[in-house]
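Notes follow once the structure below has been shown.
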Amino acid sequence: MPPKIPFFSEFRRPLLEVDPPRLAKVRPGPREVGLDSTWRLRFPGGRQGNLGRIGEELTAFLKKGARLRLGEASGRLAGHPTVSLKLGKPERPEGFTIAIRKDGIDLVGDEAGLRYGVYHLEDLMRSRGAAILPLGRIERAPRLATRILRSPMAFFYGDEFPRLGEAYPDAWLDKMAHQGFNGVWLRGRLSQLARVDVFPEFGEGSALRLEQLAAFAKRASRYGIKPYLFFNEPHGLPADDPFFRAHPGVRGEYHAPENAYALCSSTPEVQTLLREGMEQVFSRAPGLGGVLLITASELHSHCWSHVSLRASPFEEVRGKMACPRCRDRKPGEVVAEIVASIRDGVRAGNPEAEVIVWNWSWSMWHADPQTEVVRALPKDVAVMGDFERGSERVTDGFKHLIDEYSLSFVGPADRFTGTAREAAAGGRRIFAKLQVGTTHEIGSIPHFPLYRNLAEKFRRLEALGVTGAMECWNFGNILSPNTRLAQDFSWDPMPKSVNAWLTDFATRHFGAGAVKGFLAAQRQFSRAATHYPHSIPFLYWGPQHFGPAYPLLFEKVGKPTPVAWMLPKEVEYDTVHELMKRTDFGDDIDGYRGPFSAEKLISCLRHFVRDWRKGLACLEAARKGVSAQRRKTFEREVAVCAAVASQIETAANFTEFTLLRDILAAASPARRRQSLERMIAISIAEIRGARAFLGLIRIEPMLGFHGEAFGFDYTPAKIKRKIAVTLRSQALARAALGKIPREKGAT
């Protein structure tokens with residue numbers, strides 16, 4: 001049974017059912033041409049490849065939006081203007097040119113370019129609100145050649161291959177293509193995908209998985225999309241796995257937290273596994289785009305994958321390593337050998353496939369920008385750097401490290417800049433690892449609507465020579481205004497300015513009357529983002545993800561706060577989301593405040609909410625300018641924006657309530673009274689906010705879903721339970737207040 005996530009059904013609906021263009025019948029201006037029933041569709045070179053499908057895309061759009069039937073012409077007919085789709089060779093792959101005249105439209109490009117050209121024509125008509133196009137010549141080509149996302153319906157912690165049809169239905173692939181993505185990444189494990197002689201224990205069921213992968217690659221190619229496999233290889237195995245009894249010579253370094261041994265990559269057998277296994281995958285599943293390789297931290301893999309050089313020098317660390325082969329080798333040398341083995345296998349199976357090496361956590365070995373690792377890599381691989389990770393930022397006067405994905409911080413990080421320069425100096429391509437949808441800053445919303453910040457990130461990529469991007473991890477991948485913005489800023493010519501893009505977006509989705517308020521709201525949201533108290537503990541354990549479901553606890557429970565991206569073990573993932581009712585909420589604020597004092601954390605969060613609510617007020621003012629047919633889209637956007645304010649405010653309220661609670665016993669009667677009165681006021685605000693949030697979920701049902709957890713951090717059931725628990729805490733606070741004797745003269 002596939003997971004019964006309610007809103008997935010919307011993702012599986014065809015685009016024209018979800019987003020009908022509703023084009024009006026209006027007259028074109030003097031520098032415009034209008035399409036009508038006299039127009040015909042023409043393929044000068046014939047219906048090669050997927051050209052027929054691309055043409056059908058345009059005819060379906062016009063039929064649905066303008067009730068216009070675009071017939072097909074075998075030749076140029078007198079009196080019939082034509083839309084001509086012609087294969088050509090653009091200067092850059094996926095590029096296209098469009099010549100729009102009164103008597104016809106000529107669209108020329110490679111197959112992908114023709115597809116994107118049709119999408120561009122549709123966007124022009126959507127913006128115009130009619131089947132009308134501007135006269136003139138258009139030339140477009142991607143600035144980022146590789147643009148990779150992932151479906152939110154794909155479960156990272158399960159076996160993806162049997163469910164590729166459910167996670168990537170044609171309707172979803174079509175929507176991805178419309179937003180400009182040409183790659184999806186899937187989680188791979190070589191021992192499940194390939195059967196090699198050196199380790200006959202591996203590869204059970206691999207033939208079927210490769211068939212499933214090949215079929216998916218063929219289906220995705222109809223939309224110009226290639227699958228990329230994410231690997232964490234060579235994958236370690238549990239310490240008691242019988243594999244090591246059969247192959248003791250490849251057992252590498254032990255990692256206690258996972259109770260696992262590495263498969264030592266310094267052995268010829270493991271190198272053979274990597275090389276022959278990858279060749280098998282890429283030869284038997286044609287159409288794959290390449291591999292994405294993580295080589296530090298995460299799951300235990302090679303012998304250096306969890307050995308850090310941060311605190312001690314190499315000579316001291318190597319003396320503590322057990323592997324007799326890898327302890328005499330530097331981590332960069334080990335990683336480069338792994339990458340070279342994988343590269344050789346990938347290229348033997350498909351010479352065109354990309355090998356992309358991620359710098360995630362190389363900082364555990366060397367100082368930024370990890371020159372020792374970059375220089376050791378083969379020159380024909382791409383280096384992918386985390387765009388924001390590895391810079392200091394000052395928030396409300398407090399300096400702290402950005403060490404995770406961020407939309408509140410534009411970047412690039414100093415580490416990324418250094419990595420990009422080092423890669424370019426060695427002739428290697430540079431990729432950016434981004435989270436364009438949302439981040440661990442607030443992971444339980446469909447998108448973090450910081451459009452100005454996101455646009456500025458993409459404006460800065462070109463100067464650093466970035467040629468591709470992996471634009472999500474296993475969450476933050478819901479198609480949204482964020483993903484659309486990212487792709488619009490990934491093409492030449494780029495939007496003239498961020499304001500120009502915001503104006504076009506607001507006009508198209510909300511109506512011209514909402515533009516002024518929408519622009520003002522976005523300015524305030526960007527100001528609010530400067531106050532975000534970014535730190536790993538707060539991002540991972542902060543209460544903001546659970547927001548309206550996080551109760552105020554008057555009685556101390558003495559437990560850590562839960563992580564939002566990992567559901568409790570007793571909760572099954574493949575279940576009805578309403579069964580995910582309970583979370584074991586803790587109250588250890590020291591566990592998530594990170595480098596910030598509790599008081600400073602509260603202050604930053606309150607400043608964020610203050611400025612964000614100013615932006616919400618601007619959106620409210622824009623409501624009167626929203627056209628009737630766009631009202632639902634606008635309300636869903638407002639619901640997401642309101643959820644951000646509410647969830648961050650809960651984090652501030654919970655932290656302050658708990659801080660006041662924990663100092664009650666040591667406070668003077670006057671201070672205790674003041675603290676309890678403040679706690680009661682906070683509880684009243686939290687209950688009011690939670691009740692209001694129930695209305696937001698009715699408007700936007702994706703609220704609360706965390707893609708990595710593959711479930712909901714908050715649901716109506718959880719929110720109602722929070723209200724009940726908080727009401728009880730409020731009653732206890734009132735009772736405690738009533739026991740404090742009033743000072744003489746007090747009223």
Side-chain angles (χ1 to χ4, degrees), residues 395-398 531 533 537-538 541-544 546-562 583-614 645-693 718-747:
T395 299
D396 290 6
F398 185 81
H531 301 295
F538 184 66
W541 288 277
Q544 70 276 14
F546 296 97
Y550 213 110
L552 301 182
L553 303 168
F554 187 81
E555 296 172 311
K556 188 176 182 70
V557 299
K559 294 180 181 178
T561 52
T583 301
D584 193 10
F585 292 113
D587 56 0
D588 177 17
I589 60 177
D590 287 337
Y592 67 74
R593 63 178 175 82
F596 296 84
S597 67
E599 293 82 2
K600 188 64 177 178
L601 183 71
I602 295 164
S603 174
C604 290
L605 294 172
R606 298 240 181 262
H607 289 159
F608 179 102
V609 173
R610 176 199 64 200
D611 286 347
W612 195 274
R613 289 203 181 280
K614 290 178 181 177
S646 179
Q647 291 179 231
I648 299 297
E649 189 164 42
T650 286
N653 284 341
F654 177 82
T655 307
E656 184 178 357
F657 183 96
T658 308
L659 179 65
L660 292 171
R661 181 203 69 184
D662 289 347
I663 63 175
L664 279 177
S668 65
R671 179 66 184 276
R672 197 154 61 247
R673 173 177 290 280
Q674 184 182 43
S675 295
L676 285 165
E677 288 173 345
R678 175 61 182 157
M679 291 166 67
I680 292 167
I682 290 173
S683 71
I684 291 171
E686 274 299 291
I687 292 166
R688 184 189 305 120
R691 286 172 174 157
F693 212 106
K718 283 186 178 182
I719 294 171
K720 290 171 184 175
R721 184 167 183 266
K722 175 253 183 74
I723 293 171
V725 173
T726 304
L727 279 169
R728 182 175 183 277
S729 292
Q730 184 185 124
L732 292 172
R734 290 186 186 279
L737 180 63
K739 294 177 182 179
I740 301 174
R742 289 187 176 274
E743 298 179 6
K744 291 182 179 180
T747 59

Checking the side chain of Thr395 only, and the main-chain atoms of His531 only, is there a donor and an acceptor separated by less than 3.5 Å?
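Pair absent, no side-chain N/O of Thr395 close to backbone of His531.
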Between Asp587 and Lys559, does any NZ, NE, NH1 or NH2 come within less than 4.0 Å of an OD or OE carboxylate oxygen?
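Salt bridge: no.
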Is it the case that more than 12 heavy atoms not belonging to [X] sit under 6.0 Å from its [atom1] atom?
X: Lys720; atom1: NZ; value: no
X: Lys556; atom1: NZ; value: yes
X: Arg610; atom1: CZ; value: yes

Within the structure provided, determine whether [X] and [Y] are in side-chain contact (heavy-atom separation under 4.5 Å).
X: Pro533; Y: Leu605; answer: yes
X: Asp588; Y: Thr561; answer: no
X: Gln730; Y: Leu552; answer: no
X: Tyr592; Y: Pro543; answer: yes
X: Glu555; Y: Arg661; answer: no

Check Tyr550, Phe585, Phe546 against Phe654 for a ring-ring contact (aromatic ring centres under 6.0 Å, His included) and give me the one that passes.
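Of Tyr550, Phe585, Phe546, ring-ring contact (aromatic ring centres under 6.0 Å, His included) with Phe654 is met by Tyr550 alone.
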Which heavy-atom pair separates [X] from [Y] by the least distance, and what is that distance?
X: Arg606; Y: Ala652; value: NH1-CB, 3.6 Å
X: Gly586; Y: Leu553; value: O-CD1, 4.0 Å
X: Ser597; Y: Lys600; value: OG-N, 3.0 Å
X: Ala667; Y: Arg672; value: O-NH1, 2.8 Å
X: Gln647; Y: Pro548; value: CG-CD, 4.0 Å
X: Lys718; Y: Ala549; value: CB-CB, 3.7 Å

Measure the spacing between [atom1] of [X] and [atom2] of [Y] and express it to the nearest 0.5 Å.
X: Asn653; Y: Ile648; atom1: CG; atom2: CD1; value: 11.5 Å
X: Phe398; Y: Ser603; atom1: CZ; atom2: OG; value: 12.0 Å
X: Ile680; Y: Ser729; atom1: CD1; atom2: OG; value: 11.0 Å
X: Glu677; Y: Ile682; atom1: CD; atom2: CD1; value: 12.5 Å
X: Phe608; Y: Gln544; atom1: CZ; atom2: CD; value: 10.0 Å
X: Ile723; Y: Arg691; atom1: CD1; atom2: CZ; value: 5.5 Å

Verdict with supporting geometry, Met679 and Leu737, side-chain contact (heavy atoms from CB on, under 4.5 Å)
CA-CA 10 Å; Met679 291 166 67; Leu737 180 63; over 6 Å; no
Glu686 vs Thr650, side chain to side chain donor-acceptor pair (under 3.5 Å): CA-CA, chis, key distance, verdict:
CA-CA 7 Å; Glu686 274 299 291; Thr650 286; 3.0 Å; yes
Could you verify whether a donor N or O on one side chain and an acceptor N or O on the other, from Gln674 and Arg678, lie under 3.5 Å apart?
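No, no side-chain donor-acceptor contact under 3.5 Å.
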